[in-house]
Amino acid sequence: MALTKLGIRQFRNLHHVDFEPSEDLNLITGQNASGKTSLLEAIYFLGRARSFRTHRFDRIVENGQQELSVFAQQKLESGQKVSFGVKKAAKTVQIRINEQKITKVAELVKNLPLQLIHPNSHQLLEEGPRYRRQFLDWGVFHVEHHFYPSWHRYQVALKQRNMALRQSSRKELIQIWDKELIEAGMLLHDMRSRYVSELQALLHDYIEPLLGQLDISIQYQPGWAKDLAFEEALLQGIDRDRDKGFTGVGPQRADIVVKVSGVLATERISRGQQKILVTCLLLAQAALYNNKTAKKCILLIDDVAAELDPDNRYKLMQVLQGMEVQMFITAIEQGTLLPMRDFSSTSKMFHVEHGKLTDVV
Ligand SMILES: Nc1ncnc2c1ncn2[C@@H]1O[C@H](COP(=O)(O)OP(=O)(O)OP(=O)(O)O)[C@@H](O)[C@H]1O
Ligand SMILES: [Mg+2]
């Protein structure tokens, strides 16, 4: 799928932007503070109804304005066209798909899958497990129809169990929730674990050209001790859970561990290599989505050159060109984005200056 028309209103310094992106490669250049990241942020906002930079509405709405909106037309693989629109004010958000009001953001996310790679993406390796769970769940959500209902079921049971832990000292009243927790939790676990094996298999297609012969492994950690069943882990942890007032084991604690030659990636490879590794993970995830759904997700890549030497930049560009998905790639200078000399004839180049976008012919 690809976005064929895009409109942005009052989003940061983008007051009024309308453009027709290419269905494959879109290269966006501009000086610092011109509006490149804001442009990607606006597209991301259209697909998620939130920003990747902030949770605060007053930060993303153009200074002095009360409301922002982003809208687009999408062309599906079948050729069918779908329109999307997200309008946001301080206390309200309106989402429309084909002019129909949508109340669930999950519906939007499902229909407009976006993958973002930005200069801080390597946080995925450095920060807490929440980031890696989000990464994992983006992938599973988009390829397993049962993921979202199971996740929702699990969250409800977990909330009830945690409430019982805080309110009651009787084990029976807490363990009432265990059956549901285990059932929904095991569904999540099976989907996540299968997903990680599939991702691992694909990852090497990206590692090889970008990082060479590194021995990289991704281990999935379900959120409880590996040698126990979830049920046993819950039983063993009940006294600790009652002390603490929340459930200490389960899919809400899942993580993935990325290792290079058996050592944590963050402790083994350079920062530049970590950035490339995370890019490989995100690209493998996008490719897995494409393989499993016969649809294509959209890639947003901000400041692609940041911290990469010319050789690595060149290799990354080569790999990106092979992705055959719609991409929006930003850089300060055009030269950074070359050698994408052999762009397909359908690629487009845009220049941003003070929040205004122009086609570069
Ligand atoms: N709410 C807002 N209203 C108006 N302008 C804003 C708002 N928020 C940020 N800006 C401004 O928008 C401009 C564009 O920011 P953006 O981060 O998109 O730049 P950029 O082109 O990605 O720059 P860089 O190359 O430094 O990353 C900046 O000057 C910023 O101060
Ligand atoms: Mg930027």
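Remember, it's 1-based here, ligands and their atoms both numbered in the order they're listed.
Given atom 11 (C) of ligand 1, the protein heavy atom at minimum distance is N13 CB, 4.1 Å. Distance from atom 23 (O) of ligand 1 to its nearest protein heavy atom, with residue and atom name: A33 N, 2.8 Å. Scanning all protein heavy atoms for the shortest distance to atom 26 (O) of ligand 1 gives N32 ND2, 3.0 Å. For atom 27 (O) of ligand 1, the closest heavy atom belonging to the protein is T37 OG1, 3.9 Å.
In this structure, F230 has its ring center no closer than 6.0 Å to that of H189. Here F52 and Y44 bring their ring centres to under 6.0 angstrom of each other.
In this structure, K88 satisfies the cation-pi test against F57, with its NZ or CZ atom closer than 6.0 Å to the six-membered ring centre and inside 45 degrees of the ring normal.
Ligand 1 places these atoms under 4.0 Å from at least one heavy atom of E62: 3 (N). Distances below 4.0 Å separate heavy atoms of V61 from the following atoms of ligand 1: 1 (N), 2 (C), 3 (N).
Within a 4.0 Å radius of atom 29 (O) of ligand 1, the protein has at least one heavy atom. Inside a 4.0 Å radius of atom 4 (C) of ligand 1 there is at least one protein heavy atom.
Proximity of a side-chain donor or acceptor of R133 to a complementary backbone N or O of A254 within less than 3.5 Å is detected. Between the side chain of Q10 and the backbone N or O of E67, at least one donor-acceptor pair lies under 3.5 Å.
When the heavy atoms of T29, I332, N63, I60 are ranked by distance to atom 2 (C) of ligand 1, first place goes to N63. The heavy atom nearest to atom 10 (N) of ligand 1, out of those in Q10, R12, K36, H118, is found in R12. Of the listed residues (G355, G64, S38), the one carrying the non-hydrogen atom nearest atom 18 (O) of ligand 1 is S38.
Counting only N and O atoms by type, the side chains of Q155 and Q252 include no donor and acceptor under 3.5 Å apart. Looking only at atom types and distance, the side chain of S347 has no donor-acceptor partner in the side chain of D24 under 3.5 Å away.
More than 12 heavy atoms of other shown residues, nucleotides or ligands fall within 6.0 angstrom of atom NE2 in H204.
Residue G35 places a heavy atom under 4.0 Å from ligand 1.
Neither the backbone nor the side chain of T330 comes within 4.0 Å of ligand 1, counting heavy atoms alone. Counting heavy atoms under 4.0 Å from ligand 1, residue Q31 touches it through the backbone alone. When heavy-atom distances to ligand 1 are checked against a 4.0 Å cut-off, R53 comes that close only through its side chain, counted from C-beta outward.
Because the distance cut-off is set at 2.8 Å, N32 fails to qualify as a neighbour of the Mg ion (ligand 2), as none of its N, O or S atoms comes that close.
Considering Q200, Q285, H142 in turn, Q285 is the only one that fulfils the side-chain hydrogen bond (donor to acceptor under 3.5 Å, both in side chains) rule with Y195.
By the 30° and 60° cut-offs, the orientation of the rings of Y289 relative to W138 is tilted.
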